[in-house]
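Read the structure below first, then the notes.
What you see below is based on every heavy atom in this structure, not just the backbone, and it leaves out hydrogens, waters and symmetry mates.
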Amino acid sequence: MNNLFKAAFIIAGKDLYSEWKTKQVVTTMLIFSGLVIVTFSFAFDPSNNAVRAIIPGLIWIITIFSAILGLNRSFSSETKNDNLFGLIVSPTDPASIYFGKVIANYLFVLIVQLISIPVLFLLFDFKFIGNLPLFIVVVFLGTFGFISVGTFLAGLAANSRSSEMLLPILLFPVVSPVIIAAVQATKILLIDIEQIASAISWMQLMGAYNLIFFVLCLILFEYVLEV
């Protein structure tokens, strides 16, 4: 188990160092997020209270589509110079490769959220009066569910000629439950805090989803690399 975590952290560190040197993935994700926020801020009047209802959805639109940009690059960068083949034939446990990629992708998306969500609140003149700790937990849970399944399917699609088109087709039906739960819990925590019991139920659903799918992906990733 220690070797699994050690190898996973080494692989995640490699991806984070590569991103630190090139700044390609996070920069692309931030540009996309900025375009979405600016476009919607001009399309809707921030002074209208009804506009508050779209903010939970916007948070997850930014998360989903910026994450897709990162996931597409996660394994495509490894196919250059047959780096992926090198990882496959190395004595590294395939579960470590998957776990390392999940850590790196998760951190990339959290960085984008850390910058884009405050900017979204600022441009929409949204005053946060909900439960901040629970809101952060919802963001962490929803993002982890999306990234854990997305990383698995990005590995599956990596060897396809149309991997960038194939990934969203495979991903969206599978992650629908966690995305719906995340949007509902976010809406309650931001604009309908009196229904907090419902938000906790949605969070429990996300926790169960994350546990089941993360373990399944960890076990099955070995077979994905053989495709």
Member of I54, I64, L120 meeting the side-chain contact (heavy atoms from CB on, under 4.5 Å) criterion with I59: L120
In this structure, would F40 and I31 fall into the same cluster of hydrophobic residues linked by side-chain contacts under 4.5 Å? no
What are the two closest non-hydrogen atoms of A12 and G100, and how far apart are they? CB-O, 3.4 Å
Can you find a pair of side-chain heavy atoms, one from L190 and one from F126, that are under 4.5 Å apart? yes
Other residues, nucleotides and ligands only: do more than 12 of their heavy atoms fall within 6.0 Å of OH on Y17? no
Taking V38's backbone N and O only, do any of them form a donor-acceptor pair with S41's side chain (distance below 3.5 Å, no angle check)? yes
Test item: T143 side-chain N/O and F140 main-chain N/O as donor-acceptor pair under 3.5 Å: no
Non-hydrogen side-chain atoms of D15 and V25 separated by less than 4.5 Å: no
Give a yes or no on whether the backbone of W20 and the side-chain of K23 come within a donor-acceptor separation of less than 3.5 Å. yes
Note: I11 and I97 closest approach over all heavy atoms is CD1-CA, 3.5 Å
With the side chain counted from C-beta on, respond yes when V36 and F65 share a heavy-atom pair under 4.5 Å apart, and no when they do not. no
Is F135 linked to L205 within one hydrophobic cluster, defined over Ile, Leu, Val, Met, Phe, Trp and Tyr using a side-chain heavy-atom separation of less than 4.5 Å? no
Do I196 and V139 belong together in a cluster built from hydrophobic side chains that touch within less than 4.5 Å? yes
Side-chain donor-acceptor pair present, S198, Q184, cut-off under 3.5 Å: no
Check: N105 side chain, A67 main-chain N or O, donor-acceptor pair, under 3.5 Å: no
Using 0.5 Å steps for rounding, measure from the CD1 atom of I111 to the CE atom of M29. 8.5 Å
Less than 4.5 Å apart, side chain to side chain, heavy atoms only: is that true for I55 and F44? no
Looking only at non-hydrogen atoms, find the nearest pair between A181 and M206 and report the distance. CB-CG, 3.6 Å
For F172, does the CZ atom have more than 12 heavy-atom neighbours from other residues, nucleotides or ligands under 6.0 Å away? yes
Nearest heavy-atom approach of W60 to G142 is CH2-CA, 3.7 Å
Check the hydrophobic clustering (I, L, V, M, F, W, Y; side-chain heavy atoms under 4.5 Å; chains of links allowed) and say if F221 and I219 are grouped together. no
To the nearest 0.5 Å, what is the distance between CG (L220) and CG (L156)? 10.5 Å
Nearest 0.5 angstrom please: Q195 CD to I200 CD1, how far? 12.0 Å
Roughly how far, to the nearest 0.5 Å, is the CD1 atom of I68 from the CG atom of L167? 4.5 Å
For S148, does its backbone N or O pair with a side-chain atom of Y106 as donor and acceptor, under 3.5 Å? no
How close do Y98 and V149 get, counting heavy atoms only, and between which atoms? OH-N, 4.5 Å
Locate the shortest heavy-atom distance separating V174 from L170; write the atom from each residue and the value. CG2-O, 3.4 Å
What residues, two or more places apart in sequence or in another chain, satisfy salt bridge (charged side-chain N to carboxylate O under 4.0 Å, His left out) together with K187? none
Taking T63's backbone N and O only, do any of them form a donor-acceptor pair with Q113's side chain (distance below 3.5 Å, no angle check)? no
Would F5 and I103 show up in the same hydrophobic cluster when neighbours are defined by side-chain heavy atoms closer than 4.5 Å? yes
